[in-house]
J.: 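Provided herewith is a single structure, encoded as structure tokens, for subsequent inquiry.
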Amino acid sequence: MTLAPLFRLPLAALMGATLLGACSNPEKTGRYLIDPPVSGVQVPNRLGTAELKDVSLPDYASDQEVAFQTPDGAVRSTPDNLWADNPARAFTTTLARAISDVSGATVISEPWPLAQPPARVLEVRVERALAQADNSYRLSGRYFVSDDGLSGGGANHARSFDIRVPMAAQGPAATAQAASQAIAILAQQIATLSGPGATIATTRPAASDPFDLSLF
């Protein structure tokens, strides 16, 4: 009577191990790339050289799993569908390349690799990057372009963006395609320094007189 539980325990453990192996099967895991399409659009180079800081993403968008919104408003994901690269790194490097391609500017993600410092620093803070329940991908947030001040007469920009890309289908592949299109649109907006916001002139403190005794 006491032997039956002993035989059932290894069987249960074996079944659990089998299920775990099935769940971790790499062939059932999809990995998706962010790769903006080549639009063929060219805009004037208004950035020159610029260092793009690591893009700030919401927690759900910086996770390795591809997130999506369901009709109940919840943001969900599954371990079967993953981004092929770290999302923040992929977004940053892809955006830098897209801005460079569309404008001819030299935009490089940090750290800056060249001996000559960049003329500007670019920062992007994403507030939403999500395949929404209304069958659209929404990319919104703010971007900032700061002049390095070396010339003393540059301009700084603080602008917002709210991009929506219609999705004809649902699923991680459609999400990746829509995200790529949204990044391409954002690249054009940043390259042209457009969008709601403000332009702030760079100001530098007046140079002090080394012979001004009031400073001592």
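Numbering starts at 1 and runs along the sequence shown. Keep in mind it's a predicted model, so treat the numbers as computed, not measured.
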J.: For the CD atom on Gln64, are there more than 12 heavy atoms of other groups (residues, nucleotides or ligands in this structure) within a distance under 6.0 Å?
T.: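 Atom CD in Gln64 is crowded, with more than 12 foreign heavy atoms closer than 6.0 Å.
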J.: Can you see whether Arg128 engages Ser140 through a side-chain donor-acceptor pair at a distance of less than 3.5 angstrom?
T.: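 Ser140 and Arg128 do not have a side-chain donor-acceptor pair below 3.5 Å.
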J.: Could you give the distance from CD (Gln69) to OG (Ser77), rounded to the nearest 0.5 Å?
T.: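 Answer rounded to 0.5 Å: 13.5 Å.
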J.: Return the minimal non-hydrogen interatomic distance between Pro36 and Ala184, and the atom names on each side.
T.: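 Reported closest heavy-atom pair: CB-CB, 4.0 Å.
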J.: Is it the case that more than 12 heavy atoms not belonging to Asp72 sit under 6.0 Å from its CG atom?
T.: yes
J.: Flag the pair Val66 / Leu82 as yes when at least one side-chain heavy-atom distance between them is below 4.5 Å, and no otherwise.
T.: no
J.: Output, in order, the C-alpha distance, side-chain angles, deciding distance and verdict of side-chain contact (heavy atoms from CB on, under 4.5 Å) for Thr175 and Met167.
T.: CA-CA 8 Å; Thr175 297; Met167 297 175 60; 3.8 Å; yes
J.: Which pair of heavy atoms, one from Val102 and one from Ala187, lies closest together, and at what distance?
T.: CG1-O, 4.2 Å
J.: Distance from Leu114 atom CG to Thr106 atom OG1, nearest 0.5 Å?
T.: 8.0 Å
J.: With no hydrogens and no angle check, is any side-chain donor or acceptor of Arg159 less than 3.5 Å from a backbone partner on Gly195?
T.: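 Present.
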J.: Is Ile99 linked to Leu193 within one hydrophobic cluster, defined over Ile, Leu, Val, Met, Phe, Trp and Tyr using a side-chain heavy-atom separation of less than 4.5 Å?
T.: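 Yes, one cluster joins them.
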J.: Are Trp83 and Leu57 connected in the hydrophobic side-chain network, where two residues link if heavy atoms are under 4.5 Å apart?
T.: yes
J.: State plainly whether the residues Lys53 and Glu110 are in salt-bridge range, i.e. N to O under 4.0 Å.
T.: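 Salt bridge: yes.
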J.: Are Lys28 and Asp80 ion-paired here, with the side-chain N under 4.0 Å from a carboxylate O?
T.: no
J.: Can you tell me if Asn156 uses its side chain to pair, donor with acceptor, with the backbone of Ile200 under 3.5 Å?
T.: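 Checked: pair present.
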J.: Decide yes or no for Leu186 and Leu139: does some side-chain heavy atom of the first lie under 4.5 Å from some side-chain heavy atom of the second?
T.: yes
J.: Sub-3.5 Å donor-acceptor pair from the side chain of Ser100 to the main-chain atoms of Val107, do we have one?
T.: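 Yes; judged by distance alone, with no hydrogens or angles, the pair exists.
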J.: I'd like to know if the side chain of Ser103 and the backbone of Asn45 have a donor-acceptor N/O pair within less than 3.5 Å.
T.: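 Such a contact is absent between Ser103 side chain and Asn45 backbone.
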J.: Taking C-beta and beyond as the side chain, do Arg138 and Asp162 meet within less than 4.5 Å on heavy atoms?
T.: yes
J.: To the closest 0.5 Å, what do you measure between CD (Gln181) and CD1 (Ile163)?
T.: 11.5 Å
J.: With heavy-atom distances below 4.5 Å as the criterion, would you say the side chains of Glu123 and Tyr143 are in contact?
T.: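 No - every pair of side-chain heavy atoms lies 4.5 Å or more apart.
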J.: Between the main-chain N or O of Gln189 and the side-chain N or O of Ser194, is there a donor-acceptor pair closer than 3.5 Å?
T.: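 Flag set: sc Ser194 to bb Gln189 pair under 3.5 Å.
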J.: Taking side chain as C-beta onward, heavy atoms only, is Tyr137 less than 4.5 Å from Leu130?
T.: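 Not in contact.
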J.: Counting C-beta onward and ignoring hydrogens, is there a side-chain heavy-atom pair between Phe68 and Val75 closer than 4.5 Å?
T.: no
J.: Do the side-chain N and O atoms of Ser109 and Arg97 include a donor-acceptor pair separated by under 3.5 angstrom?
T.: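 Their side chains do not contain a donor-acceptor pair, so the 3.5 Å distance test is not met.
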J.: Please report the interatomic distance CZ(Arg120) to CG(Asp147), rounded to the nearest 0.5 Å.
T.: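 Those atoms lie 5.5 Å apart.
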J.: Can you find a pair of side-chain heavy atoms, one from Val124 and one from Ile190, that are under 4.5 Å apart?
T.: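 Result yes, sub-4.5 Å side-chain heavy-atom pair found.
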J.: Are Val55 and Phe161 connected in the hydrophobic side-chain network, where two residues link if heavy atoms are under 4.5 Å apart?
T.: yes
J.: Check step by step if side-chain contact (heavy atoms from CB on, under 4.5 Å) holds for Thr92 and Leu52.
T.: CA-CA 7 Å; Thr92 304; Leu52 175 60; 3.9 Å; yes
J.: How many angstroms lie between CD1 in Ile34 and CG in Asp85, if you round to the nearest 0.5 Å?
T.: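 That separation rounds to 8.5 Å.
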J.: Can Leu122 be reached from Ile108 by stepping across I, L, V, M, F, W or Y side chains whose heavy atoms are under 4.5 Å apart?
T.: no
J.: Does some side-chain heavy atom of Phe144 sit less than 4.5 Å from a side-chain heavy atom of Arg125?
T.: yes
J.: In Å, rounded to the nearest 0.5 Å, how long is the span from OH of Tyr32 to OG of Ser180?
T.: 13.0 Å
J.: State whether a side-chain donor-acceptor pair under 3.5 Å links Glu65 with Asn81.
T.: no
J.: How far apart are the closest heavy atoms of Leu33 and Ala176, and which atoms are they?
T.: O-CB, 3.6 Å
J.: Take Ser136 and Arg164, measure what side-chain hydrogen bond (donor to acceptor under 3.5 Å, both in side chains) needs, and give me the verdict at the end.
T.: CA-CA 6 Å; Ser136 70; Arg164 296 173 187 262; 4.6 Å; no
